[in-house]
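See below for the structure under consideration.
Along the sequence shown, the residues carry numbers beginning at 1. Computed from a prediction, not measured in an experiment: that's the story for all the values here.
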Amino acid sequence: MDLMKILIGAIFILSGSILLGLIHMGITFHSVGYTIDNFFYNLYYTKNVYPYVLANLQLVIGVILIILGIRSGRKSRADGEETEE
C-alpha cells in the first residue's frame with residue numbers, strides 16, 4: 001500500500017467532515033426551524049454554496065486517494081510475486 005496517499009486521503013476526509021459539521025452547526029445556531037431535509041432551503045442561511053462544495057470535494061478526493069493507495073499496494077505485490085518466480 002502507498003501509505004502516503006492513504007494518510008493524505010484520511011486527512012482530506014477528516015477536514016471535509018469537520019467543515020461540513022461546522023457549516024451545519026453554524027446554520028443551526030443562526031436559523032430558526034433548521035432541518036436537514038431541505039438542502040436548498042438551508043443554503044439561504046449560508047448565502048453561498050462554496051463551503052458545501054469544498055466539504056464535499058474534500059470528502060470525494062479523500063476517498064479517491066485512499067482507493068488509489070490501496071490499489072497501488074495490490075499492484076506492487078502482484079508485480080513482486082511475478083518477479084520472484
Side-chain angles (χ1 to χ4, degrees):
M1 288 188 277
D2 192 1
L3 191 59
M4 194 61 148
K5 286 182 186 175
I6 294 173
L7 289 175
I8 292 174
I11 290 170
F12 269 100
I13 289 175
L14 179 67
S15 63
S17 60
I18 289 172
L19 178 61
L20 201 58
L22 288 173
I23 292 166
H24 288 288
M25 186 179 65
I27 292 171
T28 304
F29 288 158
H30 295 292
S31 67
V32 177
Y34 169 72
T35 58
I36 295 177
D37 298 333
N38 193 347
F39 175 76
F40 295 105
Y41 180 72
N42 292 328
L43 286 179
Y44 168 76
Y45 292 109
T46 59
K47 305 293 188 225
N48 59 21
V49 296
Y50 298 125
Y52 283 108
V53 171
L54 181 63
N56 290 320
L57 186 64
Q58 285 179 337
L59 292 172
V60 169
I61 289 174
V63 169
I64 290 172
L65 282 173
I66 288 175
I67 290 172
L68 289 175
I70 291 171
R71 282 191 179 175
S72 68
R74 289 182 185 165
K75 287 180 184 176
S76 64
R77 262 190 280 144
D79 291 340
E81 290 173 359
E82 290 174 4
T83 56
E84 289 176 6
E85 294 177 1

### Task
Consider only side-chain heavy atoms of I, L, V, M, F, W and Y, link residues closer than 4.5 Å, and tell whether Met4 and Ile61 are in one cluster.
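Yes, Met4 and Ile61 fall within the same hydrophobic cluster.
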
### Query
So if you build clusters from Ile, Leu, Val, Met, Phe, Trp, Tyr with side-chain heavy-atom gaps below 4.5 Å, do Ile67 and Ile70 land together?
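As far as the 4.5 Å side-chain criterion goes, Ile70 and Ile67 are connected within one cluster.
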
### Query
If you round to the nearest 0.5 Å, how far is CD of Gln58 from CD1 of Ile18?
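Nearest 0.5 Å value for the CD1-CD distance: 9.5 Å.
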
#### Entry: Pairwise distance CG(Leu7) to CD1(Ile66) - rounded to 0.5 angstrom
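Between atom CG of Leu7 and atom CD1 of Ile66 there are 9.0 Å.
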
### Query
Under the side chain to side chain contact (heavy atoms under 4.5 Å, CB included) criterion, do Leu68 and Asp2 qualify, and how do the steps go?
CA-CA 8 Å; Leu68 289 175; Asp2 192 1; over 6 Å; no

Check whether any side-chain heavy atom of [X] sits under 4.5 Å from a side-chain heavy atom of [Y], and report yes or no.
X: Phe12; Y: Val60; answer: no
X: Leu65; Y: Ile6; answer: no
X: Leu54; Y: Leu19; answer: yes

### Task
Search all heavy atoms of Leu59 against all heavy atoms of Ile13 and return the closest pair with its distance.
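Minimum heavy-atom separation between Leu59 and Ile13: CD2-O, 3.5 Å.
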
### Message
Ignoring hydrogens, what is the shortest heavy-atom contact between Gly16 and Ala55? Give both atom names and the distance.
### Response
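Smallest heavy-atom distance, with atoms named: O-CB, 3.6 Å.
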
